[in-house]
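Here is the structure we will look at.
Not measured: the values here are computed from a predicted model.
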2 protein chains.
Amino acid sequence: MRLTTKGRYAVTAMLDLALNAEKGPISLADISKRQEISLSYLEQLFAKLRQQSLVSSVRGPGGGYKLSREPEAISVAQIIDAVNESLDVTNCERQGNCQQGQQCLTHHLWIDLSDRIHAFLSSISLASLVQQDEVQEVSVRQNSARELGLLDVSGVQ
Amino acid sequence: MRLTTKGRYAVTAMLDLALNAEKGPISLADISKRQEISLSYLEQLFAKLRQQSLVSSVRGPGGGYKLSREPEAISVAQIIDAVNESLDVTNCERQGNCQQGQQCLTHHLWIDLSDRIHAFLSSISLASLVQQDEVQEVSVRQNSARELGLLDVSGVQ
DNA sequence: GTAAACCCGACTAGTTTAGTCAAGTAAATA
DNA sequence: TATTTACTTGACTAAACTAGTCGGGTTTAC
């Protein structure tokens with residue numbers, strides 16, 4: 001299993017989309033500024049999110065991305081899966097052939113942990129994240145800082 | 001967060017130690033054969049396990065490693081931690097300075113997931129693994145296959 | 001027709017994993 | 001005390017992956 005910035009960026013970007021949904025299509029440039037994620041990298045991630053039908057795109061000026069389903073119907077697990085990060089912590093991809101075609105000593109333990117991680121992240125939808133107080137606060141901060149021009153966003157990272 | 005063969009090997013090797021404890025010190029060569037883990041790699045892992053006082057070593061002929069505590073007092077989380085694999089899935093190492101010194105949008109989510117993974121693996125001791133039926137079965141298989149010479153272990157992987 | 005935005009593929013520096021290899025040191029037994 | 005077994009340490013490495021960059025497209029609103 002890996003859970004790196006790739007998966008975290010994807011979830012963060014999708015949450016940004018959910019939070020700003022009422023503004024119409026959101027450009028990757030906007031997400032890039034608000035969330036401080038490289039635009040080119042976002043393009044890579046959104047290519048995969050689009051392939052998995054989690055977002056749809058609108059081309060041309062004023063275009064951008066929007067969620068292709070209700071935020072209630074998109075779980076964090078689905079997003080991480082879409083960008084090819086696996087939540088599986090077994091070595092054998094759950095097949096039980098970890099040692100000469102048979103189960104290794106700790107197979108059951110890793111299956112169990114994988115199931116718990118998956119269950120947790122499947123139980124969390126974008127909609128439930130949007131409702132959290134912490135998320136609301138950060139979102140307000142991000143939007144106000146930007147509108148007030150307080151952040152020098154130009155060349156940062 | 002990473003959970004790779006490094007952490008899995010460490011847990012497997014420690015469980016092997018717990019299962020074969022009554023035989024006295026267990027050599028890395030034995031663990032290497034039973035669990036099919038490279039001897040040199042085991043040496044690296046056990047150096048770290050010893051530094052964290054999870055095992056103690058006995059030198060000389062007939063020597064090897066043994067658990068330095070009761071198996072009830074060693075958790076899977078401790079073992080993974082000892083070999084420098086982090087169970088933390090945040091980007092900021094829980095510090096909350098993920099975005100320009102303040103929390104990123106998904107900070108709380110990753111803290112929550114990290115806590116759950118840690119709680120799960122902390123709740124599992126070597127002793128509780130030893131008692132599991134699946135583990136018992138695999139252990140019996142490993143020992144009998146070896147004593148009967150059914151496994152060609154020489155050049156495999 | 002031009003600019004805003006998405007789309008796509010090639011490339012890459014750096015890090016980590018999962019080891020190998022070689023040269024030791026410590027201690028039990030003959 | 002010689003020998004052997006086993007631990008100990010450190011240097012090295014191929015392959016894979018991450019987290020990007022770069023350069024060119026294409027689509028569409030105005």
Side-chain angles (χ1 to χ4, degrees), chain A residues 1-13 17 20 23-33 35-52 54-66 68 80 83-86 88-89 91 98 104 155-157, chain B residues 1-13 17 23-33 35-52 54-66 68 80 83-86 88-89 91 98 155-157:
Chain A
M1 167 184 174
R2 311 207 121 78
L3 192 44
T4 64
T5 50
K6 192 192 219 173
R8 284 192 296 261
Y9 279 175
V11 174
T12 301
L17 234 48
N20 295 286
K23 299 179 189 165
I26 306 295
S27 73
L28 293 189
D30 280 0
I31 299 178
S32 171
K33 283 177 201 154
Q35 306 307 335
E36 296 170 26
I37 304 172
S38 131
L39 178 57
S40 308
Y41 201 43
L42 277 176
E43 285 175 350
Q44 274 182 48
L45 299 180
F46 273 78
K48 291 179 177 169
L49 294 170
R50 205 172 60 99
Q51 280 164 28
Q52 300 299 314
L54 293 179
V55 297
S56 56
S57 63
V58 179
R59 290 184 149 211
Y65 283 96
K66 53 187 180 180
S68 59
I80 292 173
V83 295
N84 299 343
E85 287 211 311
S86 170
D88 182 22
V89 300
N91 196 27
C98 355
C104 71
V156 180
Q157 266 214 34
Chain B
M1 168 182 174
R2 315 206 118 80
L3 193 42
T4 65
T5 50
K6 193 192 219 171
R8 284 192 296 261
Y9 279 174
V11 175
T12 302
L17 233 47
K23 299 181 190 166
I26 307 294
S27 73
L28 293 189
D30 280 0
I31 300 178
S32 172
K33 283 177 199 156
Q35 307 306 334
E36 296 170 25
I37 303 171
S38 132
L39 178 58
S40 306
Y41 201 42
L42 277 177
E43 285 172 350
Q44 275 183 48
L45 299 180
F46 273 78
K48 291 179 178 170
L49 293 171
R50 206 175 61 98
Q51 279 164 28
Q52 300 299 314
L54 293 178
V55 297
S56 56
S57 64
V58 179
R59 291 181 149 212
Y65 284 94
K66 54 186 181 180
S68 60
I80 292 173
V83 295
N84 299 344
E85 288 211 309
S86 170
D88 181 23
V89 302
N91 197 26
C98 356
V156 179
Q157 264 215 33

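Using a 4.0 Å cut-off, no side-chain N or O of A/R59 falls inside it from OP1 or OP2 of C/dA4. The phosphate of D/dA19 (OP1 or OP2) has a side-chain N or O of A/T5 nearer than 4.0 angstrom. The side chain of A/K6 places no N or O atom within less than 4.0 Å of a non-bridging phosphate oxygen (OP1 or OP2) of D/dA19. Applying the 4.0 Å criterion to OP1 and OP2 of D/dT21, one finds that A/S38 has a side-chain N or O inside that range. For B/Y41, no side-chain nitrogen or oxygen approaches OP1 or OP2 of C/dT17 to under 4.0 Å. Side-chain nitrogen and oxygen atoms of B/S40 include none within less than 4.0 Å of the OP1 or OP2 phosphate oxygen of C/dC21. Contact annotation: B/S57 does not reach the phosphate of D/dA6 (side-chain N/O to OP1 or OP2, under 4.0 Å). Taking only side-chain nitrogens and oxygens, A/Y65 never comes nearer than 4.0 Å to OP1 or OP2 of C/dA5.
A residue-by-residue look at A/G60 and A/E43 shows that A/E43 has its nearest nucleotide of DNA chain D further toward the 5' end. Mapped onto DNA chain C by nearest heavy atom, B/L39 and A/A47 fall at different nucleotides, with A/A47 at the one closer to the 5' end. Between A/P61 and A/E85, the one whose closest nucleotide on DNA chain D sits nearer the 5' end is A/E85.
With rounding to whole Å, A/I80 atom CD1 is found 13 Å from D/dT18 atom P. Between B/I37 atom CD1 and C/dT20 atom C1' there is a gap of 16 Å when expressed in whole angstrom units. Here the C1' atom of nucleotide C/dA4 and the CG atom of A/D30 are 12 Å apart, to the nearest Å. Rounded to whole Å, the distance from CG on B/L49 to P on D/dT9 is 13 Å. Going from atom CZ of B/F46 over to atom P of D/dT9 covers 15 Å, rounded to whole Å. In this entry the distance linking CZ of A/R8 with C1' of D/dA19 reads 12 Å, nearest Å. As rounded to whole Å, 16 Å separates atom P of C/dA5 from atom NZ of A/K66. Spacing between atom CG of A/L42 and atom P of C/dC8 amounts to 16 Å, rounded to whole angstrom units.
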Evaluation steps, side chain to side chain contact (heavy atoms under 4.5 Å, CB included), between B/L42 and B/Y65
CA-CA 11 Å; B/L42 277 177; B/Y65 284 94; over 6 Å; no

For A/Y9 and A/V83, what are the C-alpha separation, side-chain angles and deciding distance, and is it a side chain to side chain contact (heavy atoms under 4.5 Å, CB included)?
CA-CA 10 Å; A/Y9 279 175; A/V83 295; over 6 Å; no

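Checked by atom type and distance alone, the side chain of B/S68 pairs as donor or acceptor with a backbone atom of B/L54 at under 3.5 Å. Using modelled atom types, one side-chain atom of B/S32 and one backbone atom of B/I37 make a donor-acceptor pair closer than 3.5 Å.
Other residues, nucleotides and ligands contribute more than 12 heavy atoms inside 6.0 Å of the NZ atom of B/K48.
The two residues B/K6 and B/L45 make their nearest non-hydrogen contact at CG-CD2, 3.8 Å.
With hydrogens and angles ignored, no donor-acceptor pair under 3.5 angstrom links the side chain of A/Q44 to the base of D/dT18.
No contact: A/L45 has no heavy atom under 4.0 Å from any strand.
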